[in-house]
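Heads up: the structure comes next, in structure tokens.
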There are 2 protein chains.
Amino acid sequence: MSLRHALLALLEAGPMTGYELAKQFDQSADRVWHAPHPQIYTELRKLEGEGLVAADEQPRGTKAVKRAYRLNPDGERELRRWVSELEAPQQVRDAAYLKATYFEYAEPATVRRHFERHRAHHEEQLQRWERHVAQLQARETELLQRRLAHASESDHEAIVAYKVHVYQGMAERARTEIEWAERGLDLVDKLTS
Amino acid sequence: MSLRHALLALLEAGPMTGYELAKQFDQSADRVWHAPHPQIYTELRKLEGEGLVAADEQPRGTKAVKRAYRLNPDGERELRRWVSELEAPQQVRDAAYLKATYFEYAEPATVRRHFERHRAHHEEQLQRWERHVAQLQARETELLQRRLAHASESDHEAIVAYKVHVYQGMAERARTEIEWAERGLDLVDKLTS
DNA sequence: TACTGCATGTAATCGGTTACATGATTGC
DNA sequence: GCAATCATGTAACCGATTACATGCAGTA
């Protein structure tokens, strides 16, 4: 149940609407956690019901309303509690690796396509992560600037450093996957020769 | 929806009961996919209803029955179809990395404990994967022997090679995580000095 | 006799996905 | 006027988790 904490963490930077939060999950590189918008809107309502966030309603046209959410003191406490709490290691559930375990059932050409797609996907991801790391280091991302603006100067280094560390980790992961796919392609060659 | 395919793949080696299948998911290194036993039993019943597997019932004591499942021709076809089909890349959802993004909220000692636990977990995993790779290469695992026994001799090399490649990939992943945790520990030192 | 491991389930709940629906605002 | 994007939801469904329940078999 980390979606709520991802939301609390994003709101710590400042008030945001459900739509803006969904964008952070969908489009930006800030997606160590993914969530579709219906889940975000429902979770925000739940967090509001539990008093962890509050909503400022503004009229939008004649019938609709826009709801900007902000952290409550309880929400901030919950965020801090969660960060300190140890995570139970996650269970592995990887469809691509599961499938690769049984590649002998597929044609070599098909196996090649699998590995090529795996490589292409992670090359794309790698570029995203690297670009994001560069932006964080230059303190260019909007979210980071909002966080730094209301944090004590002495914390700035750590705030930036931990984020950089995470996205460098994601980049390293992508490189590991690219190498795995390349060794896979070599293996297909070896098996068909 | 890969649980069903994991089950079909395991049954390809030969008939098994729900309990034996659950053990493969729980205890053995064969867990690129994790599933708890209630999910396995229900999925097996569903697969039976769809005619992809069949169950042989044997009495167990006076009231209970043991059900050994085996692949039907339809199940085998579905397994082959799935292996050839391209996977959509999976969405990232990583609680440990999400939390690490906000480590500035925690005490340095707590952050150290997080990284140490991360490293310890993946060191354990690494040993599992390496042991499993060695067993596969020696063709020692029971499941592999059952598969090889009813496969054509000319396919043996590929059957072993793809499994080895997957578990070597898992080992590589574990090494990447260990290094990430170690760089994390260095970072805490640097930030607190 | 009691404990452990073998063995099979049901039920409640929850998190996540997909399809569908509606309206507002901005720019061509 | 129309399309694209902004913005907010509901509902149905499905996969995964957790708690609970039951009975068999071997052994200390």
Side-chain angles (χ1 to χ4, degrees), chain A residues 1-8 10 15-28 31-50 53 55-69 82 87-95 98, chain B residues 1-8 10 15-28 31-50 53 55-69 82 87-95 98:
Chain A
M1 219 216 336
S2 283
L3 170 62
R4 55 171 49 217
H5 299 111
L7 291 170
L8 294 175
L10 288 172
M16 261 187 271
T17 66
Y19 187 81
E20 288 171 302
L21 286 160
K23 261 202 305 188
Q24 293 295 330
F25 281 85
D26 271 8
Q27 295 161 25
S28 93
R31 44 172 190 154
V32 177
W33 200 270
H34 170 264
H37 80 266
Q39 205 190 353
I40 291 166
Y41 284 113
T42 27
E43 190 65 34
L44 284 170
R45 290 285 183 164
K46 254 175 86 182
L47 287 169
E48 193 188 3
E50 295 170 34
V53 303
D56 297 310
E57 293 199 349
Q58 291 156 248
R60 194 169 60 90
T62 48
K63 302 182 192 180
V65 279
K66 170 181 281 205
R67 299 171 61 84
Y69 291 90
W82 168 77
E87 278 301 311
Q90 281 187 117
Q91 303 287 7
V92 185
R93 211 172 269 129
D94 191 297
L98 175 64
Chain B
M1 220 214 338
S2 282
L3 170 62
R4 56 171 47 215
H5 298 112
L7 291 169
L8 294 175
L10 289 171
M16 260 186 273
T17 65
Y19 187 82
E20 289 172 302
L21 287 160
K23 260 202 304 188
Q24 294 295 330
F25 281 85
D26 270 8
Q27 295 162 21
S28 93
R31 43 170 191 159
V32 178
W33 199 271
H34 170 265
H37 80 266
Q39 205 190 355
I40 291 166
Y41 284 112
T42 26
E43 190 64 34
L44 284 169
R45 291 284 183 164
K46 255 176 85 182
L47 287 168
E48 193 187 4
E50 294 170 35
V53 304
D56 296 312
E57 294 197 348
Q58 289 156 249
R60 194 169 61 91
T62 48
K63 302 182 189 178
V65 280
K66 171 181 279 205
R67 299 170 62 82
Y69 291 90
W82 169 76
E87 277 301 313
Q90 283 188 115
Q91 303 287 7
V92 186
R93 212 173 268 129
D94 191 296
L98 174 63

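A, B, ... follow the sequence lines: proteins, then strands. Residue 1 opens every chain. Below, each value reflects all heavy atoms present in this structure, side chains not excepted, and no hydrogens, waters or symmetry copies.
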Subject >> Rounded interatomic separation in angstrom, taking CG from Asp56(A) and P from dT8(D) >> reply: 13 Å

Subject >> Upstream residue (5' side of DNA chain C) when Tyr69(B) and Glu43(A) are each assigned their closest nucleotide >> reply: Tyr69(B)

Original post:
Can you tell me if the side-chain N/O atoms of Tyr41(B) get under 4.0 Å from OP1 or OP2 in dT8(C)?
Top reply: yes

Original post:
Between Arg93(B) and dA16(D), does any side-chain N or O lie under 4.0 Å from OP1 or OP2?
Top reply: no

Original post:
In whole angstroms, how far is the P atom of dC14(C) from the CG atom of Leu47(A)?
Top reply: 15 Å

Original post:
Which whole-number value in Å describes the distance from His37(A) NE2 to dG23(C) P?
Top reply: 16 Å

Original post:
For Glu50(A) and dC14(C), what is the distance between atoms CD and P respectively, to the nearest whole Å?
Top reply: 11 Å

Original post:
Arg60(B) and Val65(B): which non-hydrogen atoms are nearest, and at how many Å?
Top reply: NE-O, 3.8 Å

Subject >> Residue closer to the 5' end of DNA chain C, Lys63(A) versus Val65(B) (nearest nucleotide) >> reply: Val65(B)

Original post:
For Arg4(B) and dC14(D), is the shortest distance between a side-chain N/O and OP1 or OP2 below 4.0 Å?
Top reply: no

Subject >> First of Arg60(A) and Pro38(A) reached from the 5' end of DNA chain D, by closest nucleotide >> reply: Arg60(A)

**OP:** Compare side-chain N and O positions of Thr62(B) against OP1 and OP2 of dC24(D) and report whether any pair is under 4.0 Å apart.
**Re:** yes

Subject >> Tyr19(B) side-chain N/O to dC6(C) phosphate OP1/OP2 under 4.0 Å >> reply: yes

Subject >> Sugar-phosphate only, base, or nothing, as touched by Lys46(A) at under 4.0 Å among non-hydrogen atoms >> reply: sugar-phosphate

Original post:
Do you know which two heavy atoms are closest between Tyr69(A) and Val53(A), and how far apart they sit?
Top reply: CD2-CG2, 3.8 Å

Subject >> Protein-nucleotide distance (Met16(B), atom CE; dT8(C), atom P), rounded to Å >> reply: 13 Å

**OP:** May I have the distance from Arg45(B) (atom CZ) to dA7(C) (atom C1'), rounded to whole angstrom?
**Re:** 13 Å

Original post:
Within the distance-only criterion (no hydrogens, no angle test), does the side chain of Ser2(A) pair as donor or acceptor with the backbone N or O of His5(A) below 3.5 angstrom?
Top reply: no

**OP:** Could you pull out the closest heavy-atom pair between Leu98(B) and Ala6(A), with the gap in Å?
**Re:** CD2-CB, 3.9 Å

**OP:** Report yes if at least one side-chain N or O of Thr17(A) is closer than 4.0 Å to OP1 or OP2 of dT8(D); otherwise report no.
**Re:** yes

Original post:
Quick one: is Gln39(B) getting a side-chain N or O under 4.0 Å of the dG15(D) phosphate, OP1 or OP2?
Top reply: no

**OP:** Starting at atom CD1 of Ile40(A), determine the distance to atom P of dT10(D), rounded to an integer number of angstrom.
**Re:** 15 Å

**OP:** Return the value, rounded to whole Å, for the distance between atom CZ of Phe25(B) and atom P of dG15(D).
**Re:** 14 Å

**OP:** Identify the residue among Glu43(B), Met16(B), His37(B) that makes a side chain to side chain contact (heavy atoms under 4.5 Å, CB included) with Leu21(B).
**Re:** Met16(B)

